[in-house]
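Reading through the structure tokens given below for one structure.
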Amino acid sequence: MHRAMSYLQVSGLDKSFGTTKVLRGIDLDVPESRIVALLGSSGSGKTTLLRLVAGFSYPDAGRILIGGRLVAGEGAKVPPEARRIGYVPQEGALFPHLSVAENICFGLTRAERQGGRLDELLQITGLAGLEGRYPHQLSGGQQQRTALARALAPQPAIVLLDEPFNALDLDLRRAVCSEVIAALRATRTTAILVTHDPAEAFASADLVAVMRQGRIAQCAAPIVLYHTPIDAEAARLTGPSILLEATISDGMATTVLGEIALREEAALESGFAIAMLRPEQLAITRGGLGGNEGGDGGVLARVVGSTFYGDHHLVTVETGGKRLPARIAAGPAPAPGATVRVSVLGSCMAFSR
């Protein structure tokens, strides 16, 4: 299978502000024409890493190469304007006195403005017909698409997006994110998206890098990251998770839900561990008579809560003194107080305690 060449290479990157170390030995390869999401909570170092790549700041150690060219480290300090970087900040930062067309063309040469680049970008970003409007006449989504078009206009080597959808409401955020990512893919642009939203990262990126405490804990394709996080903290950062005390033996995890097969990626042979499931892996059926052990039918549990989210219910059940969230399809849901059986679909990850 053809493997894309790394267009951005970051190695051994350190950065401190005063006595606070913000980045610690960051290594990251971004393949050409791919989108990588930096996922992490506030203070994990995502924006600092983005600013170092952009050239707004310089690392204390390590190096950055863009397209094979050394732009930072080992004595190199290439300024932002010489890096061919497109940057989309959180608020878009459009010039209020310039029209959509003027904002997009800002920074282009006269020849570039007359070469059809504007019409091409208007089509790609869905802004055709809006080129004469001013920022205050645009919706939040249109403003962000204008900011993206402006970033793409000079045909940058890489586009950096620093949580660009934060100011939008949820429905608009999802729609605009989809439109922006489609535009990046249509132009085969290499890009880095900073986000704290795992759903946004998974829907947008080819690779997701989980950042915490100034380090990249794991970098993998979204589906790999979701099903096989490297540890319990990465599991929490990448979506709702169920963590259970377990005893590992012969490829099985013995838990409050009974025995669960281990995923191949869970390289634990025996001993005490933490087993990880996702809420959609819990199947709920009406409970029956008998003891707590349910064999193939799962274990008995009591429903302690149920919340309806439109397309699914999140049902909280209690068994063995443990409360667990189960995501089930929309439709009739067991009421609080009901007895149900809970069984596990698929296998689990497991982490050392």
Side-chain angles (χ1 to χ4, degrees), residues 4 6-8 10 26 28-42 44-51 53-54 85-93 121 124-127 139-152 156-212 216-230 234-240 278 311:
S6 293
Y7 199 73
L8 169 70
V10 172
I26 294 286
L28 178 67
D29 285 351
V30 179
E32 188 172 12
S33 302
R34 297 291 189 270
I35 299 171
V36 172
L38 301 181
L39 175 66
S41 56
S42 297
S44 60
K46 307 184 302 294
T47 293
T48 297
L49 175 55
L50 206 70
R51 291 179 61 82
V53 173
I85 293 289
Y87 191 83
V88 182
Q90 288 189 16
E91 302 299 329
L121 288 166
I124 288 172
T125 55
L127 293 168
S139 68
Q142 290 166 343
Q143 289 179 16
Q144 284 306 98
R145 282 184 278 143
T146 302
L148 175 66
R150 185 179 62 186
L152 290 173
I158 187 168
V159 169
L160 310 177
L161 303 102
D162 188 5
E163 301 200 68
F165 316 116
N166 268 9
L168 306 177
D169 63 61
L170 184 60
D171 287 343
L172 184 58
R173 177 174 179 159
R174 295 282 185 258
V176 174
C177 176
S178 177
E179 292 165 354
V180 166
I181 297 304
L184 291 171
R185 295 202 183 281
T187 54
R188 296 186 56 79
T189 301
T190 306
I192 300 178
L193 168 69
V194 165
T195 182
H196 61 269
D197 181 354
E200 186 171 281
F202 291 161
S204 304
D206 300 293
L207 294 171
V208 177
V210 175
M211 291 193 67
R212 63 179 186 228
I216 292 179
Q218 187 176 7
C219 184
I223 193 168
V224 172
L225 199 61
Y226 185 75
H227 291 297
T228 58
I230 195 170
R236 293 188 191 97
L237 280 170
T238 51
R278 298 296 188 183
D311 61 344

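These values consider heavy atoms only, across backbone and side chains, with no hydrogens, waters or symmetry-generated copies. The residues of the chain are indexed from 1 along the displayed sequence. Because the structure is a prediction, the values reported are computed rather than measured.
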Worksheet entry | Sequence-distant partners of Thr48, side-chain hydrogen bond (donor to acceptor under 3.5 Å, both in side chains), two or more places apart | none

Worksheet entry | Exercise: identify the closest heavy-atom pair between Gly239 and Arg278 | O-NH1, 3.1 Å

Worksheet item: Of all heavy-atom pairs between Pro31 and Thr190, which one has the smallest distance, and what is that distance?
Response: O-CG2, 3.6 Å

Worksheet item: Atom CD1 of Ile216 and atom CG of Leu38: how far apart are they, to the nearest 0.5 Å?
Response: 6.5 Å

Worksheet item: Hey, are the side chains of Thr238 and Gln218 touching, using non-hydrogen atoms and a 4.5 Å cut-off?
Response: no

Worksheet item: Do you know the tightest heavy-atom contact between Leu207 and Cys219?
Response: CB-SG, 4.3 Å

Item to complete: Would you mind reporting whether Arg185 and Ile35 have side-chain heavy atoms less than 4.5 Å apart?
Response: yes

Worksheet item: Leu152 and Leu184: side-chain contact (heavy atoms from CB on, under 4.5 Å), yes or no, with the steps?
Response: CA-CA 9 Å; Leu152 290 173; Leu184 291 171; 4.1 Å; yes

Worksheet item: Taking all atoms of both residues into account, what is the closest heavy-atom pair of Pro156 and Val159, and its distance?
Response: CG-CG2, 3.7 Å

Return a table of donor-acceptor pairs under 3.5 angstrom between the side chains of residues 222-229 and protein atoms on other chains or two or more places apart.
residue	atom	partner	partner atom	Å
Tyr226	OH	Glu280	OE1	3.3
Tyr226	OH	Glu280	OE2	2.6
Thr228	OG1	Val224	O	2.6

Worksheet, complete the sentence: Residues Pro89 and Ala93: closest non-hydrogen pair is CG-CB, 3.9 Å

Item to complete: Just grab all the salt bridge (charged side-chain N to carboxylate O under 4.0 Å, His left out) pairs involving residues 219-230, residues at least two apart or on different chains.
Response: none

Worksheet item: Of the non-hydrogen atoms in Pro164 and Val194, which two are nearest, and what is the gap between them?
Response: CD-O, 4.4 Å

Discussion item. Restricting to side-chain hydrogen bond (donor to acceptor under 3.5 Å, both in side chains), what partner residues turn up for Arg236, sequence neighbours left out?
Written reply: none

Worksheet item: Is a side-chain donor or acceptor of Lys46 paired with a backbone partner of Leu193 at a separation under 3.5 angstrom?
Response: no

Discussion item. Using a 3.5 Å distance criterion without hydrogens, assess whether the side chain of Arg145 forms a donor-acceptor pair with backbone atoms of Glu179.
Written reply: no

Worksheet item: Of all residues at least two apart in sequence or in a different chain, which pass the side-chain hydrogen bond (donor to acceptor under 3.5 Å, both in side chains) check with Thr195?
Response: Glu200

Worksheet entry | Sidechain N-carboxylate O distance under 4.0 Å for Arg34, Asp29 | no

Worksheet item: Considering residues at least two apart in sequence or located in another chain, which fulfil the side-chain contact (heavy atoms from CB on, under 4.5 Å) criterion with Ala183?
Response: Ile124, Thr125, Leu148

Response to the item:
NE2 (His196) and CG (Asn166) are apart, to the nearest 0.5 Å, by 5.0 Å

Fill in: pair Pro198-Leu39: side-chain heavy atoms closer than 4.5 Å
yes

Worksheet item: Any donor and acceptor pair, going by atom type alone, linking the side chain of Ser178 with main-chain N or O of Arg174 inside 3.5 Å?
Response: no

Discussion item. How long is the straight-line distance from CD1 of Ile192 back to CG of Leu50, given to the nearest 0.5 Å?
Written reply: 6.0 Å

Fill in: Pairwise side-chain contact, Leu160 with Tyr87, heavy-atom cut-off 4.5 Å (strictly under)
yes

Worksheet item: Heavy-atom distance under 4.5 Å between the side chains of Val180 and Phe165, does that happen here?
Response: yes

